[in-house]
Participant: 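Handing you this structure, nothing more for now.
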Amino acid sequence: MRVLPLSLAVLLGTACGFPAFAHAFLKQANPAPGSRITSPPAAVLLTYTEGLEVPFCKVTVKSPSGIAVQTAKPQPVSGHADELSVPVHITAPGKYTVIWHAVSVDTHRTQGHFSFTVSP
Amino acid sequence: MDVTGWVLLRAFCRGLHLAGFFSAFGTMFLSATLLHKRGALRLRRLAWAGFAVACLGGAGWFLLQAADFAAAQSISDVIGALPIVAGQTRFGTLLLTRMGLLLLAMLLFQRGWPRSAALIAFGGVVAEAWLGHGGAMTGFVGTMLLFCAVLHIAAAAIWLGALPALYVALKRLPEDALLPLAQSFSPLGMACVGTLLVTAMFQFILLITYPQALFTTAYGAVALTKLVLFAALIALAVLNRFRFTPSLPASRPALLRNIGAEAVLGLAVLLAAGLILQLEPPAMADMAGM
């Protein structure tokens, strides 16, 4: 009879050690936030804490002069429901700003931004 | 209407959808189990009423959610978003599939096959969990939240969803059938309450994490409201079990009043559930802006 309470306690204790997110926030990106890269990427890859409703996600990548350099809408990444890819056309060095609006599959909207620098 | 107004309206529609869905399922469930040998008891109208409420709330939720997804500024924006929401989002496909399942269950129920109907409707009930936090998250926490949500929703649907049918049954059945029905519903209700308490505790740990958040955040305030309503529901259930059930059939009017009050409180709990699912859990508030 002591097995059930013990299992419950272990499960609770284990669960306490994990952070819960419950909205789609940026987990990682490539290029990474704040990074300095030598060659311009063909696409910006964003990975979130939750699965995404990609058709309603929006990403703008702005050049140092404020011009949008993304060439298409965010694309889903096959086999990764929590990722999206944005094709970009970057020809000049400088600091680029990524402004994202995400919609998670639990219907919540989130947004954020970060920058990376292209410096050959 | 400002953003808060739209969120409240969406929450109301979601809560209404849940209440209707639960009620339709609960009627089928009770008909298939405790009332199985009472075939003459016609509960079809009650089930159809639940179905109608589920459709109404679901349609409102679908439209408002589509508007939110598309950040719509006009009716044409919403109309343009509808096919994308219906065909290319988990929310849209799951909501429509769940309503399809409920319709199929209703048709089976109408034909006099309550067990098949209840089983199919149960699939639609628990599928709601995939529209919540657990369904969206990956890893251990996501799996755990999803598991908790499935159990939580199933227990709530069986207990709260069956209350309107229980009310009608206790009103219509002959006096000698009241005590067996009320007595057999008690253990079922207690099992559901136990499941709801345990799964709510896990959800508290994973989504709220610290007790102060109950008083300092909107999510916590709604969770606290749900908790108070839930405590009131348990108090009524205890009264039913230990005071009114033993003295049946003489206590039938009092028992019916109490079950009616339980159903109203249950509706309030589900409306609160619709609202809490629109809010940001305190556990992830620090992540905002990343």
Side-chain angles (χ1 to χ4, degrees), chain A residues 4-5 7-29 32-34 46-58 73-77 79-84 98-115, chain B residues 3 10 14 61 64-66 68-71 81 83-85 87-95 129-149 198 201-209 219 277-290:
Chain A
L4 184 64
S7 309
L8 203 61
V10 170
L11 273 170
L12 281 170
T14 313
C16 289
F18 288 82
F21 301 113
H23 277 48
F25 286 105
L26 193 60
K27 189 159 70 177
Q28 61 188 55
L46 304 177
T47 306
Y48 289 85
T49 55
E50 291 191 352
L52 301 166
E53 301 285 23
V54 178
F56 292 104
C57 294
K58 288 177 186 161
K73 287 182 175 178
Q75 308 293 313
V77 178
H80 299 273
D82 55 351
E83 289 186 358
L84 59 82
V98 179
I99 303 158
W100 57 263
H101 294 79
V103 176
S104 58
V105 293
D106 60 1
T107 71
H108 297 293
R109 289 204 295 169
T110 48
Q111 59 186 41
H113 62 87
F114 68 90
S115 299
Chain B
V3 174
R10 199 166 69 231
R14 188 171 185 169
W61 182 20
L64 293 166
Q65 196 65 64
D68 182 63
F69 278 172
I84 303 171
V85 173
Q88 296 181 42
T89 67
R90 181 193 290 186
F91 163 75
T93 49
L94 203 53
L95 181 61
W130 274 262
L131 292 177
H133 301 313
M137 293 161 65
T138 54
F140 177 75
V141 172
T143 307
M144 197 132 178
L145 268 176
L146 184 61
F147 181 66
C148 282
V198 172
M201 192 166 64
F202 271 106
Q203 287 169 329
F204 176 88
I205 290 167
L206 292 168
L207 294 172
I208 298 181
T209 68
Y219 190 97
L277 288 164
Q278 309 295 323
L279 302 173
E280 182 181 277
M284 45 70 66
D286 295 340
M287 299 291 292
M290 277 183 71

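Below, chain A is the first sequence line, B the second, and so on; all start at residue 1.
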Participant: Can you confirm whether A/His108 sits close enough to B/His133 that some side-chain heavy atom of one is under 4.5 Å from a side-chain heavy atom of the other?
Facilitator: yes

Participant: Are B/Asp68 and A/Arg109 side-chain neighbours, meaning at least one heavy-atom pair lies under 4.5 Å?
Facilitator: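 With C-beta onward as the side chain, the pair touches.
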
Participant: Heavy-atom distances under 4.5 Å only: say whether B/Gln65 touches chain A with side chain, backbone, both or neither.
Facilitator: side chain

Participant: Do B/Arg14 and A/Thr107 touch side chain to side chain, with heavy atoms closer than 4.5 Å?
Facilitator: yes

Participant: Considering only heavy atoms, which portion of B/Leu277 lies under 4.5 Å from any heavy atom of chain A: side chain, backbone, both, or neither?
Facilitator: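 For B/Leu277, backbone heavy atoms alone lie under 4.5 Å from chain A.
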
Participant: Do you know which two heavy atoms are closest between A/Pro55 and B/Ile84, and how far apart they sit?
Facilitator: CB-CG2, 3.7 Å

Participant: Considering only heavy atoms from C-beta outward, does the side chain of A/Asp106 approach that of B/Phe91 to under 4.5 Å?
Facilitator: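 The answer is no; the side chains never approach within 4.5 Å.
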
Participant: Could you tell me which non-hydrogen atom of B/Phe69 sits nearest to which non-hydrogen atom of A/Phe56, and how far apart they are?
Facilitator: O-CD2, 3.5 Å

Participant: May I ask you to name which of B/Ala70, B/Gly135, B/Gly139, B/Gly134 has the most heavy-atom pairs under 4.5 Å with chain A?
Facilitator: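 Among B/Ala70, B/Gly135, B/Gly139, B/Gly134, the one with the most close pairs to chain A is B/Ala70.
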
Participant: Under 3.5 Å, is there a donor-acceptor pair between the side chain of A/Glu53 and the main chain of B/Arg90?
Facilitator: yes

Participant: How far does CD of B/Glu280 sit from OG1 of A/Thr110, to the nearest 0.5 angstrom?
Facilitator: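 Spacing of CD (B/Glu280) from OG1 (A/Thr110) equals 9.5 Å.
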
